[in-house]
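In what follows, a single structure is set out as structure tokens and then discussed.
In what follows, every chain begins at residue 1, and chains take the letters A, B, ... in the order their sequences are listed.
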Amino acid sequence: LDLLKAGLVYRKESSVNWDPVDMTVLANEQVIDGRGWRSGALVERKKLNQWFLKITQFADELLEGLQTLDQWPDKVRLMQENWIGKSKGLRCTFNFVDSPDGIDVFTTRPDTMFGASFIAIAADHPVAADLAQHAPALKSFIEECHKGGTTAADIETAEKFGFNTGLSVQHPLDPHWHLPVYVANFVLMDYGTGAIFGCPAHDQRDLDFARKYDLSVTRVVAEHQEEDSGFQGDIAYTGPGRIVNSHFLNGLSVEEAKAEIIAKAEHEGWGQGQIQYRLRDWGVSRQRYWGTPIPIIHCEFCGAMPVPRAQLPVVLPEDVTFDIPGNPLDRHPTWKNVPCPNCKEPARRETDTLDTFVNSSWYFIRFSSQPKDKPFDRAEAEQWLPVGQYIGGVEHAILHLLYARFWTRALQHMGRLGLAEPFKGLFTQGMVTHETYRAIELQTDAKGNPRLFNGEPVIDYHWVSPDDLYAEDDNLFEKGTGLPVQVGRIEKMSKSKKNVVDPDPMFDQYGADALRWFMLSDSPPERDLEWSEAGIEGTWRFVNRIWRLFDALDGAATGEDAALDKVLHRAIAGIGADIDALTFNKAVAKVHELVNAIEKANSSTTKTEAIRTLVRLISPMLPHLAEEGWMVMGGEGLVATQQWPEHDPALLVDDEVTIAIQVNGKLRDTLTLPKVADKAALEAAALASEKVIRALNGAAPKKVIVVPGRLVNIVA
RNA sequence: GCGGACGUGGCGAAACCGGUAGACGCAGCAGACUUAAAAUCUGCUUCUCUUCAUGAGAGUGCGGGUUCAAGUCCCGCCGUCCGCACCA
């Protein structure tokens, strides 16, 4: 309601995927090959009244704000940047030849205006709707445009269609130049002005359209020396070049010409420079029961009225059924019937509920502050926020992470929270993935005969859990039904696809520590991890090895072990750095190295100390084992509360280093030499090497490159 | 179509600023211990060739290039994955 008051909420008609059989709105993901995923019916585009949040008001802020998020992955920032999609161009009017009105278009290529050959408007454009009232042919063309899905595959293969309205407009730069107006299926109503001017020579879609309807194609940008206005072929030229066939623009670069035209349009008053965003307002209406109710009451006389604050929160009814398609709130007998808060006449509750992403847009604020009487306490929330290190999958890059940024800025805008960005640092972890399995079943009618659609049998798929499979002659079948099972792609584990492995049996068999260690071991956390149990045995053995090490602790040991001390301090430094960098797989490798070294070492005070230190090093990754070890060793309190061990930087450097000796870039020998050895000493040692002498085979070295502490390369 | 990432042994992967490719682990092989097995321990384990060693050659998707030196940098391909997608 605060957002509504701040003018950040509105209601408008918008297009949705509509399944005419199940009578429901479908998400894009639920439209498969243009058909409803359940009903198999052709999906239509339908207009529904929906609530929107005005995220576009913050488009520029959200874009600019990305630059402050230096602890976010570049990938996510780039995805958001592309999603917001800022572009600069010209908005201008093409006036009708015989009426005072005109059609507004937006273009990012005003430099190509002299190459215009037609105007195309969206099927939903008001001009098209007007004309259609008296033109049945246009009306059916528009209906045709509404059919056909909105899926990627559909769009890619969709042919361009147009309908010549018979209207003509004047070119703004030459009133005697008239252009035809088409309604075209490839023009979108919700980007720009819903209308374009077509410049076929320099836009692929326009060229496809022009070739199909035999419209003129004029070259106005020359890549090299092409001056002629004719344009051959079916590939538009969209690169840089010099403007030609364009009167006063001739000879300018594309960029110069854009600036020139925008300046002229603004000066003469027929257009202006405009910034356009790809980002659209956030449609939050869902026709579902499970969602936060939208606190609005629709009154026949007063319109959409906010629910009075005293009546908040609006609570969902619990006596609902889900046995038939559609929103249970809509058909509930009483819940939606309430008096209008203003005129008290009978009115109707909003039965749409909010997208769940609305809730996740501010949960972190509530986490930081949970007063009973309001969503959060500003001072308390500000004390904790922003979130220092946020961890989640990339799948939220442009959904949750953009919505939450918007929500935070909206709260700031309304003076509710002094915070521009909710998440300071972001780490996008990989997904745990697994093969998917689908059982195939032919649909049958009431008599048990296969159901046909356009003569083809209708096939039902359902996902099968890996636990519900059995193999027979190299083929997979579903337990219980015996249906054949197809192995599908490896995808992130999800409840909907059932490609989930329950870790509980492994947990029972090997314990929480072994399982945790196993998951940290091999794969870097930002990478997807294909789940496999191969290796858990080895992990479990390693946990036992450490345990035996604690057992072998020798308090009476004497003597020191300088070599082991070095390994230990190197491990302390390395493991700490790896944990800081979230490269746990490398930390695990270093623990292995340390344990290997301790096991091989003879008894000494150093070894005893190393084992005691090991307990603290493994504690973040093997907490139970570490606590047991800590207790066995008589440590005070919990190891989890101990300081991270200090490392001695002096022990990280070696007195002696292994130097690679190359001849012509090929490794011929390695020599262990004092770290302090200077270039001359290294060169001398290298040239003295028997293997080097053999490799040189009498040839005199032309040049010797010495990298102290690393290698010597003899060029012969 | 646009944008991005990635490509290293049988497998998961390491490799800092261009400087010994394959750390560490899984799997595998051989051996010790054992009546036997498990567990444990030891050794081997990128590929090819040979005179079998302190040997030679090849090798990080493919083809070029820069450099004394390239998994790493540059150019061009091929492939895989991710995001967006008729955005004017």
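- Not counting sequence neighbours, the partners of A:E255 by the side chain to side chain donor-acceptor pair (under 3.5 Å) test are A:K258.
- Closest approach of A:D190 and A:R280 over heavy atoms only: OD2-NH1, 3.2 Å.
- B:G25 atom C1' lies 19 Å from atom CZ of A:R516, rounded to whole Å.
- The aromatic rings of A:F106 and A:Y191 sit perpendicular to each other, their planes meeting at more than 60°, with 30° as the lower class boundary.
- Counting heavy atoms from C-beta outward, A:L167 and A:V127 have side chains that approach closer than 4.5 Å.
- Base orientation of B:G9: syn, the glycosidic angle falling within 90° of 0.
- Across B:A14 and B:C26, the matching C1' atoms stand 15 Å from one another, rounded to whole Å.
- Residues from residues 81-88 of chain A that place a heavy atom under 4.0 Å from any atom of RNA chain B, listed by number: A:N82, A:W83, A:S87.
- Near-neighbour residues of RNA chain B inside residues 187-199 of chain A, defined by a heavy atom below 4.0 Å, number-ordered: A:V187, A:L188, A:Y191, A:I196.
- Proximity of a side-chain donor or acceptor of A:H202 to a complementary backbone N or O of A:T238 within less than 3.5 Å is not detected.
- On the C1' atoms, B:G18 is 27 Å away from B:A56, given to the nearest whole Å.
- Defined by atom type and a distance below 3.5 Å, a donor-acceptor pair is missing between the side-chain atoms of A:N499 and A:T436.
- Aromatic rings from A:F118 and A:Y213 are positioned such that their centres are separated by 6.0 Å or more.
- Spacing of C1' atoms, B:U72 relative to B:C17, comes out at 11 Å, to the nearest Å.
- Here the separation of B:A13 from B:A21, taken at their C1' atoms, is 13 Å to the nearest Å.
- Rounded to a whole Å, the CD1 atom of A:I398 is 19 Å from the P atom of B:C2.
- Spacing of P atoms, B:C24 relative to B:G43, comes out at 12 Å, to the nearest Å.
- Relative to the six-membered ring of A:F186, A:K160 meets both conditions, a distance below 6.0 Å and an angle of at most 45° to the axis.
- Atom CG in A:L682 sits roughly 15 Å away from atom C1' in B:U20 (whole-Å rounding).
- Residues satisfying the side chain to side chain donor-acceptor pair (under 3.5 Å) test with A:W282, not counting sequence neighbours, are A:D355.
- When each of A:N713, A:V715, A:I705 is tested with A:Q662 by the rule side-chain contact (heavy atoms from CB on, under 4.5 Å), just one qualifies, namely A:N713.
- The C1' atoms of B:A69 and B:G12 are separated by 30 Å, rounded to the nearest whole Å.
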Sub-3.5 Å pairs of nitrogen or oxygen atoms, protein against nucleotides 41-43 of chain B:
none

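- For A:F186, taking side-chain heavy atoms from C-beta onward, the closest of the listed nucleotides B:A85, B:C86, B:C26 is B:C86.
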Report, one line per pair, each donor and acceptor closer than 3.5 Å where one atom sits in a side chain of residues 516-528 of chain A; sequence neighbours left out.
from	atom 1	to	atom 2	distance (Å)
A:R516	NH1	A:D513	OD1	3.3
A:S521	OG	A:W517	O	2.6
A:D528	OD1	A:M431	N	2.7

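- In this structure a side-chain-to-backbone donor-acceptor pair under 3.5 Å is present from A:R278 to A:W83.
- Taking the six-membered ring for Trp and thresholds of 30 and 60 degrees, A:F423 and A:Y390 have nearly parallel ring planes, at less than 30 degrees apart.
- Put simply, NE2 on A:H171 and CH2 on A:W270 are 7.5 Å apart, with the number rounded to the nearest 0.5 Å.
- Here the side chain of A:T107 pairs a donor or acceptor atom with the backbone of A:R109 at under 3.5 angstrom.
- Nucleotides B:U50 and B:C33 have their C1' atoms positioned 38 Å apart, rounded to a whole Å.
- Glycosidic conformation of B:C78: anti, with the torsion beyond 90° of 0.
- Checked by atom type and distance alone, the side chain of A:R91 never pairs as donor or acceptor with a backbone atom of A:Q272 at under 3.5 Å.
- With A:N185 contributing its side chain and A:F161 its backbone, the two residues share a donor-acceptor pair below 3.5 Å.
- Helical stems in RNA chain B, defined as runs of 3 or more consecutive Watson-Crick or G-U wobble pairs with both donor-acceptor distances under 3.5 Å, are listed by first residue as B:1-7 with B:78-84, B:10-12 with B:24-26, B:28-32 with B:40-44, B:46-49 with B:55-58, B:61-65 with B:73-77.
- Side chain of A:N664 to main chain of A:A716: a donor-acceptor pair is present (N/O by atom type, distance under 3.5 Å, no hydrogens or angles).
- A distance of 7.5 Å separates CD of A:Q204 from CG of A:D234, quoted to the nearest 0.5 Å.
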Could you write nucleotides 44-58 of chain B as a row of B, S and -, 5' to 3', where a protein heavy atom under 4.0 Å of any base atom gives B, of only sugar-phosphate atoms gives S, and otherwise -? ------------SSS
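- Of the possible polar contacts, none joining the A:T112 side chain to the A:G115 backbone as a donor-acceptor pair under 3.5 Å is found.
- Sequence order on RNA chain B of the closest nucleotides to A:E593 and A:L279 puts A:E593 first from the 5' end.
- With hydrogens and angles ignored, the 3.5 Å screen pairs no side-chain donor or acceptor of A:T108 with any backbone N or O of A:G89.
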Nucleic acid footprint by protein, nucleotides 5-17 of chain B - heavy-atom cut-off 4.0 Å, B for base, S for sugar-phosphate alone: -------BSSS--
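- For B:C11 and B:U67, the P atoms lie 36 Å apart once the distance is rounded to whole Å.
- Classified by interplanar angle (parallel below 30°, tilted 30° to 60°, perpendicular above 60°), the ring pair A:F197/A:F94 is tilted.
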Contacts under 3.5 Å, N or O only, protein and nucleotides 71-76 of chain B:
none

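- Qualifying ring-ring contact (aromatic ring centres under 6.0 Å, His included) partners for A:F58, counting only residues two or more places apart in sequence or in other chains: A:F406, A:H413.
- Remark: the backbone N or O of A:W540 is paired with a side-chain donor or acceptor of A:N544 at under 3.5 angstrom.
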So which protein nitrogen or oxygen atoms get under 3.5 Å of nucleotides 68-70 of chain B's nitrogens or oxygens?
from	atom 1	to	atom 2	distance (Å)
B:C68	O2'	A:N713	ND2	3.1
B:C68	O2	A:N713	ND2	2.7

